[in-house]
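Note that the structure is predicted; figures quoted are calculated from it, not measured. What you see below is based on every heavy atom in this structure, not just the backbone, and it leaves out hydrogens, waters and symmetry mates.
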Amino acid sequence: MKNTKHLPLQISRRRLALALLATCAAFTTHPVQAQSDLSSGAVFSRGPSFEQRDGKSLYENICQGCHMPDAKGAVGAGHYPALAGNTNLATPLYPAAIVLKGLRSMPAFSDELDDEQIAQVVNYVRSHFGNKYKDTITAAKVKSLRPAK
Amino acid sequence: MSSSESPSTLTRRELLTLIGSIAGSSASYTAMAGMGLTTPSNYNGPIKLDGNPKGASVLILGAGLAGMVAAYELRKVGYKVQVLEYNNRAGGRNWTLRGGDSYTELGGITQKCEFDKGLYINPGPWRIPHHHHGVLDYCRRFGVALEPYVPVNYNAFVHSTQAFGGKPQRFREIQSDYQGQVAELLAKATQQHKLDELVTKEDQEMLLESLKDWGALDERHAYAPGRESSERRGYEKPPAGGLSAVPVYSKNIIPFGPLLHSHMWSAIGAGQNYEMQTMLFQPVGGMDQIGTAFKSQVNDLIQYNAKVTQIKQEPNKVTVTYIDSVKGGEPRTATADWCLCTIPLSVLSQIEINVGDDMQAAINAVPYAASTKVGLQFKRRFWEEDEHIYGGITYTDLPIRVIAYPNTGYHSAGKGVLLGGYMFGPNAFEFTSLAPADRVRKAVEYGAQIHPQYKTEFENGIAVAWHRVPWTLGCLGVWSDERRAEHYQNLCQIDGRILLAGEHASYIPGWQEGAVLSSLDAITRLHQRVVA
């Protein structure tokens, strides 16, 4: 399952990198396991997909890059919305759909995250940073949001 | 119309139009190139804008390369030009960090660059292919000195944590051994008549001869220890002078199976890509020498620290509202007949702008890539002193992905700066998520697996994660074929009095050439409309 998923992704990642700057994806070994970190809680994925599994790790290795460690977002020439106290999180379907499909300049993560990872990170965000939603989303529900193949 | 002309006979123009309408503009372009109607670049020398704009005014948003190209060229032909720029400097992603510079990313963390005098890192673009005629021509016109950028260094490393016990291999050996053994295999298949159905007898002789040449095979068509293979992969003891001159051939050819499974073959083609084929250049002293040269032409037109908050067009003018990006305060406005907006779509998609639905959809359609670069200063240029690596790139499967060596200042005494990591994809997101000091620390830890000297020689570093860059919120616009088909034309059309330019409005995303060519294309169309 994992391997059949990786192949087309690897190609698209490679094409992307070629189109971009033709260096970084020039060399990827088969994903074996996430690079065990040398001195912190950071996790580095080996392949074209993210390898963090739990909501906290997914947030801290992906989302906080833009939405910030405190989930309060940031403002520059444009802004990244806060996820803390964000009323758009009232239904888990909304953040799940955005993680899957992207929104404006936010990339889609449908290729790089599986259904379970998306459920995990959505549930994490909706129950942390002052957000106190009790309901959760399942991987099956996330799957139903993906376009039919 | 001649009645004798067959209705099936198409004129060349009709044929091109037909091809273009069926297959899109790139197909039309390919067809045109095939018919000898165009050159491989759509840069045809300095732009010629004929006709008098009669005092028309243009408000340009963004003083990156796209914005400054337009400002420079439009003023020259008589437009009234003003430029609004979010930063307190010109150049945009054309950017160099040197000792003494400081940089504050989104989230508020400030890094101070502590490199020694003369040392730098280019967080954005860092190389110019020889066929990026637009960028190169502006370098020529403005006197920006260039030096070679080294895309491939045979003496740099290929490194995998999963192969050869994690020991870095020389690019030269991987390249030679892979090519040599593929050639030998094909030669054997030919000699054993396994290709008889595919290749004629006469062609087989030529094929064998070419494989010998291409793969450095010996007389028996074997890639084996000896003069031929040593001339490619290097010697155990290279030819020298005097009594100790006799060379010893290399015996350590990497067996084919382990070589295949190492995946290292995937690192040796980088320099064969069109964009990485020699010759490439870098400006002497840092990529921002280009932005600085443009700035010296148009600085008087640029209003710095201007954060655009609204772009509003009316039938006869465009009004842009902006606030001071540092001090805030009361909104101010600027007005012109036309507006050329080069603001990255990541930012523009958040700004109120009254364009048509098609252009708005295009503005909203393009995600921005994560990318991270880390610059590291070391006490000495150990890669040159210890390992004889002069410029070029080492490839690794570690999260840092590459180590790129400075293509300048060879043998200089004192300190040196490496590009200690350049990531896209998941690793770029993961590095972005770290605090800047941790990005540097991780780059050092990982790099030390390839160069143990890191442990004693590292001094300081700086890390730029492009999603955290306040004025771009990302590295570059990522187009897919589907997005291009649906939105690209709509993005590039003139919408009333507004048009867009930048790398995002090009087929060369992430390259300065895309910004330059899109700007020239946009102002050409704008000028045609103004003087019509």
A:S49 and A:Q117, any side-chain heavy atoms less than 4.5 Å apart: no
Chain A interface, residue from B:R468, B:E503, B:H261 that has the most non-hydrogen pairs under 4.5 Å: B:R468
Main-chain N/O of A:D135 paired to A:R126 side chain as donor or acceptor, under 3.5 Å: yes
Contact leader toward chain A among B:V366, B:N87, B:I343, where contacts are heavy-atom pairs under 4.5 Å: B:V366
Check: B:W265 side chain, B:L260 main-chain N or O, donor-acceptor pair, under 3.5 Å: yes
Parallel, tilted or perpendicular, as decided by the 30° and 60° cut-offs, for the rings of A:F50 and B:F429: perpendicular
Cationic tip of B:K373 above B:Y422 ring, under 6.0 Å, 45° of axis: yes
Presence of salt bridge, B:R484 and B:D481, under 4.0 angstrom: no
N-O pairing of B:R439 and B:E105 below 4.0 Å: yes
Criterion side-chain contact (heavy atoms from CB on, under 4.5 Å) on B:T396 and B:Q449, from CA distance to verdict: CA-CA 10 Å; B:T396 173; B:Q449 293 185 32; over 6 Å; no
Side chain, backbone, both or neither of B:S349 within contact of chain A (heavy atoms, under 4.5 Å): both
Whether A:F129 and A:Y59 hold their rings parallel, tilted or perpendicular, with breakpoints at 30° and 60°: tilted
Minimum heavy-atom distance B:H263-B:S266, with the two atoms named: O-OG, 2.8 Å
Toward chain B: residues of residues 100-107 of chain A with heavy atoms under 4.5 Å: A:R104, A:S105, A:M106, A:P107
Residue-level contacts of residues 68-81 of chain A with chain B, using a heavy-atom cutoff under 4.5 Å: A:M68, A:P69, A:A74, A:V75, A:G76, A:A77, A:G78, A:H79, A:Y80
Charged N-O contact under 4.0 Å between A:D114 and A:R146: no
